[in-house]
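Each remark here refers to the structure printed beneath this line.
Computed from heavy atoms alone, side chains included, the values below leave out hydrogens, waters and symmetry copies.
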Amino acid sequence: MTLIAFHDGDDNSSLDEWHNCALKIEKNMSFVSLTDKQAEKAEVALVWNPPIGRLAELKKLKLICSLGQGVDHLWKDISLPASIPIMRLIDPFMSHALSQWVIAVLFDFLRDGSFYRSKREKREFCKLSQRDTFGMDVAVYGVGAIGSVVANTLKNLEFRVTGWSQTQKPYLLFEQETGKSAFQKLIKSNLIHICLLPLTKSTKSLFTKDIFMQMPKGAYFINAGRGEQVDEMALLDAVRTGHLSGAALDVFCEEPLPKTHPFWDEKKISIWPHVAAQTNPETVIRQIIDSIQAVKLGRRPRNIVDPIRQY
Ligand code: GLV
């Protein structure tokens with residue numbers, strides 16, 4: 001029997017759903033809340049935003065699995081046991097969902113959704129001239145499991161896409177750039193900026209006031225990476241002054257976004273409560289069970305994170 005210590009970051013309301021989903025594939029599994037005393041016997045932790053210090057108390061742990069594609073929530077805990085492998089989820093269904101979200105917010109901007117919604121409220125039947133989007137330059141920052149799907153989807157929609165990441169990936173079919181000077185070049189030359197980067201030491205605070213001011217006037221910023229990659233006040237300022245046309249954000253420095261946050265007052269910033277790609281137990285349980293079995297057999301599990309690179 002494998003005991004799994006579970007924590008979904010909120011109230012553990014999804015524990016039964018995950019347990020039932022796992023039981024369909026593997027009967028020898030039992031789930032317990034991470035904060036329960038019994039969790040100290042667990043060999044596996046399946047967690048999102050676990051309480052600081054708690055994982056270090058689980059002395060029998062053989063595998064930590066993030067309940068999302070990102071693992072940055074784990075690095076906040078400096079007592080995290082360094083010897084335990086950490087796996088992240090890589091799920092084509094989540095990448096697909098995320099690309100749908102990007103397309104939804106991008107076209108809502110390009111086709112003036114907020115203008116027409118405001119006119120509808122006043123029963124005004126009037127139009128803006130249509131933007132020419134054919135071959136429009138789009139920069140996608142981060143072209144891993146998610147970003148590459150988004151970039152491909154946008155390329156198929158006739159955008160001129162350039163992906164930016166740490167290393168060139170020869171198997172990708174869109175333009176790619178790497179390195180600091182290429183980043184600056186993309187910032188200056190693209191109207192649409194889509195951040196899908198993992199949060200690491202090198203991507204923290206990447207989008208500063210200076211970077212927003214270097215974007216062409218009228219640029220649009222989309223973020224489904226992490227809030228901490230962005231200087232939020234600088235973004236707000238760039239939108240308020242009209243330098244940027246607006247932004248669509250699914251991630252924030254503090255989540256839930258506090259009710260007093262000034263983003264709520266800026267109509268040109270579209271706010272989404274971290275829902276661009278939600279983890280689906282049905283589509284990821286198989287890779288989690290495979291990794292648990294691999295660890296038990298002394299093999300390397302799937303999708304293991306490099307603690308130096310932090311993703
Ligand atoms: C969501 O942000 C995730 O990391 O899956």
The test is side chain to side chain contact (heavy atoms under 4.5 Å, CB included); show your working for Phe263 and Leu249 and say whether it passes.
CA-CA 10 Å; Phe263 278 167; Leu249 308 175; 3.5 Å; yes

Pair Leu110-Met136, side chain to side chain contact (heavy atoms under 4.5 Å, CB included): steps then yes or no
CA-CA 11 Å; Leu110 292 173; Met136 183 178 263; 3.7 Å; yes

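- Linking ILVMFWY side-chain heavy atoms closer than 4.5 Å, directly or via other members, places Ile222 and Phe159 in a single hydrophobic cluster.
- In the hydrophobic cluster analysis, where Ile, Leu, Val, Met, Phe, Trp and Tyr join through side-chain heavy atoms closer than 4.5 angstrom, Leu257 is grouped together with Ile269.
- Within the model, atoms NZ of Lys217 and CG of Leu191 stand 11.5 Å from one another, a figure rounded to the nearest 0.5 Å.
- In this structure the side chain of Tyr116 never reaches within 4.5 angstrom of the side chain of Glu121, judged on heavy atoms.
- Residues Val161 and Glu175 have side chains not in contact (no heavy-atom distance under 4.5 Å, counting atoms from C-beta outward).
- Contact annotation: the side chain of Val305 never approaches that of Met87 to less than 4.5 Å [non-hydrogen atoms, C-beta and beyond].
- The side-chain heavy atoms of Ile194 and Tyr141, taken from C-beta on, include no pair separated by under 4.5 Å.
- Linking Ile, Leu, Val, Met, Phe, Trp and Tyr residues whenever their side-chain heavy atoms come within less than 4.5 Å leaves Leu67 and Val32 in two separate clusters.
- When ring centroids are compared, Trp48 and His73 come within the 6.0 Å threshold.
- A side-chain N or O of Thr203 and one of Gln229 form a donor-acceptor pair less than 3.5 Å apart.
- Around NZ of Lys127, the count of heavy atoms belonging to other residues, nucleotides or ligands within 6.0 Å does not exceed 12.
- Donor-acceptor pairing under 3.5 Å is recorded for the side chains of Gln293 and Glu26.
- For the 3.5 Å distance criterion, the side chains of Ser270 and Trp272 qualify, holding a donor opposite an acceptor.
- Within a 6.0 Å radius of CZ in Arg54, other residues, nucleotides and ligands contribute more than 12 heavy atoms.
- Each of Thr200, Leu80, Leu199 was evaluated against Trp75; a single residue qualifies, Leu80, per the side chain to side chain contact (heavy atoms under 4.5 Å, CB included) test.
- Using cut-offs of 30° and 60° for the angle between ring planes, the Phe207 and Phe221 rings count as tilted.
- In summary, the side chains of Thr2 and Lys296 do present a donor paired with an acceptor at a separation below 3.5 Å, with no hydrogens or angles considered.
- The minimum heavy-atom distance linking Leu236 with Glu266 is given by the pair CD1-CB, 3.8 Å.
- In this structure, Lys60 and Glu40 have side chains that are not in contact, with every pair of non-hydrogen atoms separated by 4.5 Å or more.
- Counting heavy atoms of neighbouring residues, nucleotides and ligands inside a 6.0 Å radius, atom CZ of Arg131 exceeds 12 of them.
- There is no path of hydrophobic side-chain contacts, each under 4.5 Å, that joins Val150 to Val251.
- Looking at Asn303, its side chain never comes within 3.5 Å of a backbone N or O of Leu89 through a donor-acceptor pair.
- Residues Leu196 and Ile90 are members of separate hydrophobic clusters, defined by side-chain heavy-atom contacts under 4.5 angstrom among Ile, Leu, Val, Met, Phe, Trp and Tyr.
- Residues Gln310 and Asp306 bring no donor and acceptor atom of their side chains to less than 3.5 Å of each other.
- A salt bridge (charged side-chain N to carboxylate O under 4.0 Å, His left out) check over residues 66-82, counting only residues at least two apart or in different chains, returns the pairs Asp72-Arg226.
- Taking OG of Ser66 as the start and CZ of Arg88 as the end, the distance is 9.0 Å to the nearest 0.5 Å.
- Here the side chains of Leu206 and Ile211 are not in contact, with every heavy-atom distance at 4.5 Å or above.
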Please test Val140 against Phe174 for side chain to side chain contact (heavy atoms under 4.5 Å, CB included), starting from the C-alpha separation and ending with a verdict.
CA-CA 11 Å; Val140 177; Phe174 45 84; over 6 Å; no

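- At least one donor-acceptor pair closer than 3.5 Å links the side chain of Gln168 to the backbone N or O of Gln176.
- For the atom pair Glu57 CD and Lys37 NZ, the distance stands at 8.0 Å (nearest 0.5 Å).
- For the pair Val44 and Leu3, the minimum side-chain heavy-atom distance is 4.5 Å or more.
- Thr208 and Asp231 share no side-chain donor-acceptor pair at under 3.5 Å.
- Ring orientation note: the planes of Phe183 and Trp164 are tilted relative to one another, at an angle of 30° to 60°.
- For the atom pair CD1 (Ile288) and CD1 (Ile4), the distance works out to 8.0 Å, reported to the nearest 0.5 Å.
- Side-chain contact of His261 with Glu254: a donor-acceptor pair under 3.5 Å is absent, judged by distance alone.
- Among Phe212, Phe107, Phe109, the one residue that satisfies the ring-ring contact (aromatic ring centres under 6.0 Å, His included) test with Tyr220 is Phe109.
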May I have the step-by-step check of side chain to side chain contact (heavy atoms under 4.5 Å, CB included) for Glu228 and Ser205, ending in yes or no?
CA-CA 6 Å; Glu228 291 93 325; Ser205 307; over 6 Å; no

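- Pro216 approaches Asn190 most closely through the heavy-atom pair CD-O, 3.1 Å.
- Of all heavy-atom pairs between Gln166 and Ser202, the closest is NE2-OG, 3.7 Å.
- Within the 4.5 Å cutoff, the side chain of Val149 has no heavy atoms near those of the Leu98 side chain.
- Expressed to the nearest 0.5 Å, how far CG of Leu55 lies from CD1 of Ile52 amounts to 9.5 Å.
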